[in-house]
Amino acid sequence: GQNIDQPTEMTATEGAIVQINCTYQTSGFNGLFWYQQHAGEAPTFLSYNVLDGLEEKGRFSSFLSRSKGYSYLLLKELQMKDSASYLCAVGLSWGKLQFGAGTQVVVTP
Amino acid sequence: ETGVTQTPRHLVMGMTNKKSLKCEQHLGHNAMYWYKQSAKKPLELMFVYSLEERVENNSVPSRFSPECPNSSHLFLHLHTLQPEDSALYLCASSQGTGGPGQTEAFFGQGTRLTVV
């Protein structure tokens with residue numbers, strides 16, 4: 001079957017680091033996406049990995065291991081505005097995305 | 001305007017009503033999508049259009065009827081919906097038809113639909 005798993009919720013303090021793990025089992029794979037979604041807003045693109053390894057983009061980094069079906073999103077120097085849901089998604093044919101249920105990150109002062 | 005625009009932002013409809021959701025993208029993309037987002041559930045793909053042709057219908061009930069008159073516009077026609085269809089309906093667009101090096105999808109703000 002097709003499955004994308006990520007934790008439901010994570011809490012961290014301002015300035016800290018949080019790592020959101022995602023494991024996947026899908027029938028196709030055209031890369032692994034991470035999106036951020038604030039309550040009541042559209043998901044916005046954060047990162048894309050198609051090859052194994054780490055991609056760094058400012059405070060956010062994403063890692064992929066295709067052989068393990070595993071990715072993580074690393075958020076550094078957390079800010080209050082980073083409180084949001086983080087969605088892991090596998091890219092499939094026709095540009096489709098298969099999403100996990102999302103990880104709600106709560107940043108506390 | 002830029003990006004992906006959806007109207008209306010909020011919609012309340014009775015089970016016997018007919019309504020339509022509209023999506024417009026100003027990004028020059030050639031693929032458009034409808035997703036459904038229900039509370040505590042992953043975003044679910046409903047329909048995929050590539051170059052104005054429907055390439056996938058993800059087992060969606062016939063009370064949801066999509067229409068793509070051109071590469072910039074996508075509609076979702078709704079009729080005789082059920083209360084369990086209440087959800088956030090998101091439109092997205094992307095460039096290309098997928099494959100390694102897939103480009104990211106851009107999402108609209110969504111239509112919050114309530115069926116009463």
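The figures that follow rest on heavy atoms only: side chains count, while hydrogens, waters and symmetry mates do not. A, B, ... follow the sequence lines: proteins, then strands. Residue 1 opens every chain.
Around atom CD of B:E67, more than 12 heavy atoms belonging to other residues, nucleotides or ligands sit under 6.0 Å away.
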Determine, stepwise, if the pair B:H77 / B:S20 fulfils side chain to side chain donor-acceptor pair (under 3.5 Å). CA-CA 4 Å; B:H77 304 300; B:S20 296; 2.6 Å; yes
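Looking at B:L90, only its side chain comes within 4.5 Å of chain A, counting heavy atoms on both sides. Heavy atoms closer than 4.5 Å to chain B are found nowhere in A:L51, neither backbone nor side chain. Using a 4.5 Å cut-off between heavy atoms, B:R112 does not touch chain A at all. Heavy atoms closer than 4.5 Å to chain A are found in the side chain of B:E56, but not in its backbone. In this structure, chain A has no heavy atom under 4.5 Å from any part of B:E44. If you measure heavy-atom distances from B:Y49 to chain A, you find no contacts under 4.5 Å at all. If you measure heavy-atom distances from A:Q37 to chain B, the contacts under 4.5 Å come from the side chain alone.
Side-chain contact, B:S94 with B:Y33: a donor N or O sits under 3.5 Å from an acceptor N or O. Between the side chains of A:Q6 and A:T103, at least one donor N or O lies within less than 3.5 Å of an accepting N or O.
The aromatic rings of A:F63 and A:Y72 sit parallel, their planes meeting at an angle under 30°, below the 60° perpendicular limit. By the 30° and 60° cut-offs, the orientation of the rings of A:F29 relative to A:Y24 is parallel.
The pair A:E56-A:K76 meets the salt-bridge criterion, with a side-chain N (NZ, NE, NH1 or NH2) lying under 4.0 Å from an Asp/Glu carboxylate O.
Comparing B:G108, B:A92, B:A105, B:G110 by how many heavy-atom pairs each has under 4.5 Å with chain A, the most go to B:A105. In terms of non-hydrogen atom pairs under 4.5 Å with chain B, the most contact-rich of A:P43, A:G102, A:G40, A:G28 is A:P43.
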